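For reference, the structure discussed in these notes is given below.
The structure presented is a predicted model; accordingly, all values stated were derived computationally and were not measured. Below, chain A is the first sequence line, B the second, and so on; all start at residue 1.
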Protein chains: 2
Amino acid sequence: MNIGKAAKLSNLTIKTVRYYANIGLVKPEQNISSGYREYTDEEVAKLKFIGKARKFDFSIDECKELLSLYEDKNRTSKEVKKITLEKISQIDSKLNDLKDLRNELSFLASNCHGDDKPNCPIIDELSKN
Amino acid sequence: MNIGKAAKLSNLTIKTVRYYANIGLVKPEQNISSGYREYTDEEVAKLKFIGKARKFDFSIDECKELLSLYEDKNRTSKEVKKITLEKISQIDSKLNDLKDLRNELSFLASNCHGDDKPNCPIIDELSKN
DNA sequence: CCTTTACTCTACCCTAAGGGGAAAGTGTAT
DNA sequence: ATACACTTTCCCCTTAGGGTAGAGTAAAGG
């Protein structure tokens, strides 16, 4: 099938599918005379797999790893779990950073009257030495 | 003072300071004969201000807004608080997304034995239609 | 005065993951 | 033959700078 159908079936945009072909993630045959990419059902399955992994916030590089484990029938579940746990710990660290940030900002906001006068503790904090 | 000292005093890199000059955020005079940028104490204060705002996760555009409020002695604290509250709500929405993601991933990981066998619920989930 | 060393300049390419659009070719239906 | 849908490659754009090259400038030492 052509790229339009492959994109529709995998719920990706054509741009995204073409990008994955360019970086060698899912590289379909290309018709010699027309140059059109020709996707197999298996390739569409890979596209779907990547789409799901991307929704789980895996980077393209991580998707590449996961995809090769997906294709490797001799993989161990240990390898897959390792990548997943790493991603969880990345998320945890981002969560902590964001929580800290939120606390600081909300402390600043709570101290600001938010009225029509110019004096503002938020500006003061940002101006502090 | 030259850019090196300005960068040191503001705890920014030279690249960053030069970038801010290029985008017109903090644009010092430039010596005509040498081309060297010449920073005043006031400009260094602005750089520090921006550095702090950036640490609070404000984008460059938001910094531009904050900086103009910082310079405007007729500002109202209402305006500053508004930007801050918007940033907090952006952070909240990111926090929610990340928490959801973490739950899903940790559910997947907890169902995966993580042993030497190839069958893996994580891969299964990513392969689901 | 000359040289070394430190500092600065502009200009270019790079990041992640595509999005937008142009210009040109291809496929199909009427 | 023509209209319309689909696809191709190519190029620029996004954030907030980082890295490097080549060249010019400033200050210190001999």
Side-chain angles (χ1 to χ4, degrees), chain A residues 1-40 43-44 46-67 87 90-91 94 97 101, chain B residues 1-40 43-44 46-67 87 90-91 94 97 101:
Chain A
M1 73 192 80
N2 287 344
I3 197 170
K5 193 172 174 194
K8 190 151 291 177
L9 289 178
S10 55
N11 288 312
L12 300 174
T13 67
I14 291 185
K15 270 290 186 184
T16 297
V17 174
R18 203 173 274 139
Y19 175 67
Y20 292 166
N22 285 335
I23 64 175
L25 196 50
V26 176
K27 217 176 175 47
E29 293 289 317
Q30 242 169 322
N31 184 297
I32 294 182
S33 68
S34 71
Y36 283 20
R37 296 179 176 80
E38 295 173 339
Y39 285 85
T40 65
E43 283 159 342
V44 170
K46 289 186 196 176
L47 288 174
K48 285 185 190 173
F49 179 88
I50 296 166
K52 284 218 166 197
R54 292 284 301 135
K55 281 192 185 160
F56 281 109
D57 214 35
F58 289 104
S59 71
I60 294 288
D61 274 352
E62 288 163 336
C63 286
K64 206 171 288 190
E65 277 188 86
L66 287 171
L67 193 57
K87 177 57 60 182
Q90 282 174 30
I91 292 175
K94 205 182 289 183
D97 289 352
L101 194 58
Chain B
M1 73 192 82
N2 287 343
I3 197 169
K5 192 173 174 195
K8 190 151 291 175
L9 288 179
S10 56
N11 288 312
L12 300 174
T13 68
I14 291 185
K15 267 293 189 185
T16 298
V17 175
R18 205 173 273 140
Y19 175 66
Y20 292 166
N22 286 334
I23 64 175
L25 195 49
V26 176
K27 218 176 175 47
E29 292 289 317
Q30 242 169 323
N31 183 299
I32 293 182
S33 68
S34 71
Y36 284 19
R37 295 179 177 81
E38 295 174 338
Y39 286 86
T40 64
E43 282 158 343
V44 170
K46 288 185 195 176
L47 289 174
K48 285 184 190 172
F49 179 88
I50 296 165
K52 284 220 165 195
R54 292 284 302 133
K55 281 192 185 157
F56 282 108
D57 214 35
F58 288 104
S59 71
I60 293 287
D61 273 352
E62 288 163 336
C63 287
K64 205 170 288 189
E65 277 188 87
L66 288 171
L67 192 57
K87 178 55 63 180
Q90 282 174 30
I91 293 176
K94 205 183 288 181
D97 290 351
L101 193 57

> How is A:I23 classified with respect to the nucleic acid when contacts are heavy atoms under 4.0 Å: base, sugar-phosphate, or nothing?
Replying inline: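 Here A:I23 touches no strand at all.
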> Touch check for B:R18, heavy atoms < 4.0 angstrom, all strands: base, sugar-phosphate only, or nothing?
Replying inline: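 It contacts base atoms.
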Does [N] have OP1 or OP2 under 4.0 Å away from a side-chain N or O of [X]?
X: B:T16; N: D:dG18; answer: yes
X: B:R37; N: C:dC9; answer: yes
X: A:Q30; N: D:dT9; answer: yes
X: A:T13; N: C:dG19; answer: yes

>> Checking contacts here: which listed nucleotide (D:dA16, D:dT7, C:dT8) is nearest the side-chain heavy atoms of A:I3?
In response: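 In terms of side-chain proximity for A:I3, the closest of D:dA16, D:dT7, C:dT8 is D:dT7.
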> Taking the side chain of A:K15 as heavy atoms from C-beta outward, which of D:dG19, C:dT26, C:dG20 is closest to it?
Replying inline: C:dG20
Round to the nearest Å and state the distance from [X] atom [atom1] to [N] atom [atom2].
X: A:K55; N: C:dG18; atom1: NZ; atom2: P; result: 12 Å
X: A:M1; N: D:dA5; atom1: CE; atom2: C1'; result: 19 Å
X: B:N2; N: D:dA27; atom1: CG; atom2: C1'; result: 12 Å
X: A:E38; N: D:dC6; atom1: CD; atom2: P; result: 17 Å
X: B:N31; N: D:dT25; atom1: CG; atom2: P; result: 10 Å
X: A:K8; N: D:dC6; atom1: NZ; atom2: C1'; result: 11 Å
X: B:I14; N: D:dG18; atom1: CD1; atom2: P; result: 11 Å
X: A:E29; N: D:dT7; atom1: CD; atom2: C1'; result: 17 Å

> Do side-chain atoms of B:K87 reach the backbone of B:D57 as a donor and acceptor pair under 3.5 angstrom?
Replying inline: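 The answer is yes, because a donor-acceptor pair under 3.5 Å joins these two groups.
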> Taking for each residue the nucleotide of DNA chain C bearing the nearest heavy atom, is the 5' side occupied by A:Y20 or by A:Y36?
Replying inline: A:Y20
>> Go nucleotide by nucleotide along DNA chain C from the 5' end; which of B:N22 and A:Y19 gets its closest nucleotide reached first?
In response: B:N22
> Crowded around A:E38 CD? As in, over 12 foreign heavy atoms under 6.0 Å?
Replying inline: yes
> Is the number of heavy atoms from other residues, nucleotides or ligands under 6.0 Å of A:K94 NZ greater than 12?
Replying inline: no
> What heavy-atom pair brings A:C63 and A:F58 nearest, and what distance separates the two atoms?
Replying inline: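 Between these two residues, the closest heavy atoms are SG-O, 3.9 Å.
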>> Quick check: closest heavy atoms across A:Q90 and A:E62, and the distance to 0.1 Å?
In response: NE2-OE2, 3.5 Å
